[in-house]
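Notes follow the structure.
On a predicted model such as this, the values are computed, not experimentally measured, just so you know.
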Amino acid sequence: MEDTVLVVNCGSSSLKLALFDGQHRKLASALAERLDQSDAFARVKGRKGTIPLDPGASHDQALNALVMAFRDQGLMASDPTAVGHRVVHGGETFREAVLLDADAIDAIEDCANLAPLHNPVNLSGIRATLAQFPEVPQAAVFDTAFHQTLPRRAFLYALPEAWYRDWGIRRYGFHGTSHAFMAAEAARLLCKTQATTSIISAHLGNGCSIAAIRDGLSVDTSMGLTPLEGLVMGTRSGDVDPGLFDFLRSKGIAAEEVHRILNQESGLLGLSGQTNDMRSLCELADHGHEPSQTAIDVFCFRLARYVGAMMASLSHLDALVFTGGIGENSARIRAETVNHLKLMGFDLSPDLNNHHGEFSDGRIESPDSRFPVLVIPTNEELVIAREASRLAGSAALT
């Protein structure tokens, strides 16, 4: 029986699965969307057609349907040997990935007040998968764990100390699996050890964050108590003046409505009034749509400003790294961002920036650049698969 690892990633209305073999090569992936809605559907990547789901299908039902599809299509001959789950918030309880047991599940539930939009659905996926594979070792891999090496000066807010002591209010950071992958891959591409490599890692997708990684460890990051803080994102505002809440309350807008708008109707969507998709924004801007160009300008300027801020946490810099859907695919965003960083000595080669996929080392800087600039495709699923395999192997030895 061949070893396989199943990776489970639950969103608020979606479920992603990825299947890896024992050498961590991806065998298959699948996606269910619009869960709990009347038009829920699922599909296996690379296979024709969709998998029918009942109207209002839950994460549990979607998981069962996708696992059955893997089996029916000959992609999964037997139960996996390990399962890895993405969990958004581990608070200060989890500094690394853990095997799931009753105590770990209770602790993840205790962190739900820090991520009420994320941890409950992550737990839905965990419970559904435990029911599907009760004898298989399963691990939780936390978005926040990689950032637990932040020093106090970087994670504390300038708020009453009791708020941190009693309620855990602090910067936690997210996208940790992606930033961890960047630390390892950048070190490999630069022919260095991870323990001697320092980078600034910019994960740019619908959600965006940046991290300062010194000698392989996260020492600063842009996201905070929640994934709302920091960079401009697809629909999230990023940094705003906290006084905004009082101002909007005076206009009759309730706190719950402000929260919804800042998370779902702001960012690129709010600035452009059109879309949160960077590809569409660039097309609109090229056709003279000024709000779309403004959204791009704000996005790039805020990102460049955060690159400068991350420099304060490093003693040296080996590379600026772009990753995520926007970071990997938008030469325009990389160029406009780096154009703001001339004073720091960053400079891109237009040719390498536009054709980075043709070069295996991912470097896109010009010969005049003070620092290397890399484009590295992220692979969070691979990180989760490796961690699940490692923990399952450790469990088998005990």
| request: State whether the side chain of Q138 and the backbone N or O of T129 hold a donor-acceptor pair below 3.5 Å, judged by distance alone. | output: yes
| Passes side-chain hydrogen bond (donor to acceptor under 3.5 Å, both in side chains), Q132 versus N64? Steps please. | CA-CA 8 Å; Q132 178 80 230; N64 292 339; 2.5 Å; yes
| Donor-acceptor contact below 3.5 Å, side chain T81 vs main chain T4 | yes
| Donor-acceptor pair, side chain of S369 and main chain of D347, under 3.5 angstrom | yes
| message | Please report the interatomic distance OG(S218) to CG(L150), rounded to the nearest 0.5 Å. | response | 4.5 Å
| On the ring face of F155, is R170 found with NZ or CZ under 6.0 Å from the centre and within 45° of the axis? | yes
| query | So how far is it from L268 CG to M278 CE, rounded to the nearest 0.5 Å? | reply | 4.5 Å
| task | Find the distance between CG (D21) and CZ (R25) and round it off to the nearest 0.5 Å. | result | 4.0 Å
| task | Kindly work out whether a path of hydrophobic side-chain contacts (I/L/V/M/F/W/Y, heavy atoms less than 4.5 Å apart) joins L303 to M182. | result | no
| field | salt bridge (charged side-chain N to carboxylate O under 4.0 Å, His left out) between R260 and E256, intermediate numbers included | value | CA-CA 6 Å; R260 185 187 66 79; E256 293 81 4; over 6 Å; no
| query | Checking side-chain hydrogen bond (donor to acceptor under 3.5 Å, both in side chains) against T323, which of H179, E328, H203, E380 comes through? | reply | E328
| query | So how far is it from I108 CD1 to N122 CG, rounded to the nearest 0.5 Å? | reply | 8.0 Å
| note | Value for CZ (R86) from CG (N9), rounded to nearest 0.5 Å, stands at 5.0 Å
| Is I200 linked to L348 within one hydrophobic cluster, defined over Ile, Leu, Val, Met, Phe, Trp and Tyr using a side-chain heavy-atom separation of less than 4.5 Å? | yes
| With sequence neighbours excluded, what pairs up with Y172 under the ring-ring contact (aromatic ring centres under 6.0 Å, His included) test? | H89
| message | When you compare the side chain of F299 with that of I333, does any pair of heavy atoms fall below 4.5 Å? | response | yes
| query | Heavy-atom distance under 4.5 Å between the side chains of C282 and R279, does that happen here? | reply | no
| request: May I ask you to test the E381-F20 pair for a side-chain heavy-atom distance under 4.5 Å? | output: yes
| message | With a 4.5 Å cut-off on side-chain heavy-atom distances among I, L, V, M, F, W and Y, is there a chain of contacts connecting F133 to I384? | response | no
| message | Under 4.5 Å between side-chain heavy atoms, counting indirect links through other Ile/Leu/Val/Met/Phe/Trp/Tyr residues: same cluster for M68 and L27 or not? | response | no
| request: Could you check if a side-chain atom of I105 sits within less than 4.5 angstrom of a side-chain atom of L130, using non-hydrogen atoms only? | output: yes
| task | First locate atom CG of L244, then atom CD1 of I253, and finally report the distance between them rounded to the nearest 0.5 Å. | result | 8.5 Å
| request: Treating Ile, Leu, Val, Met, Phe, Trp and Tyr as nodes and any side-chain heavy-atom pair under 4.5 angstrom as an edge, say whether L320 and I326 lie in one connected cluster. | output: yes
| Are any non-hydrogen side-chain atoms of L66 and L15 less than 4.5 angstrom apart? | yes
| query | Would a distance-only check, ignoring hydrogens and angles, find a side-chain to backbone donor-acceptor pair under 3.5 Å from T221 to I210? | reply | yes
| query | Do the non-hydrogen side-chain atoms of R236 and L262 ever get within less than 4.5 Å of each other? | reply | no
| message | Between D79 and R71, is there a side-chain heavy-atom distance shorter than 4.5 Å? | response | yes
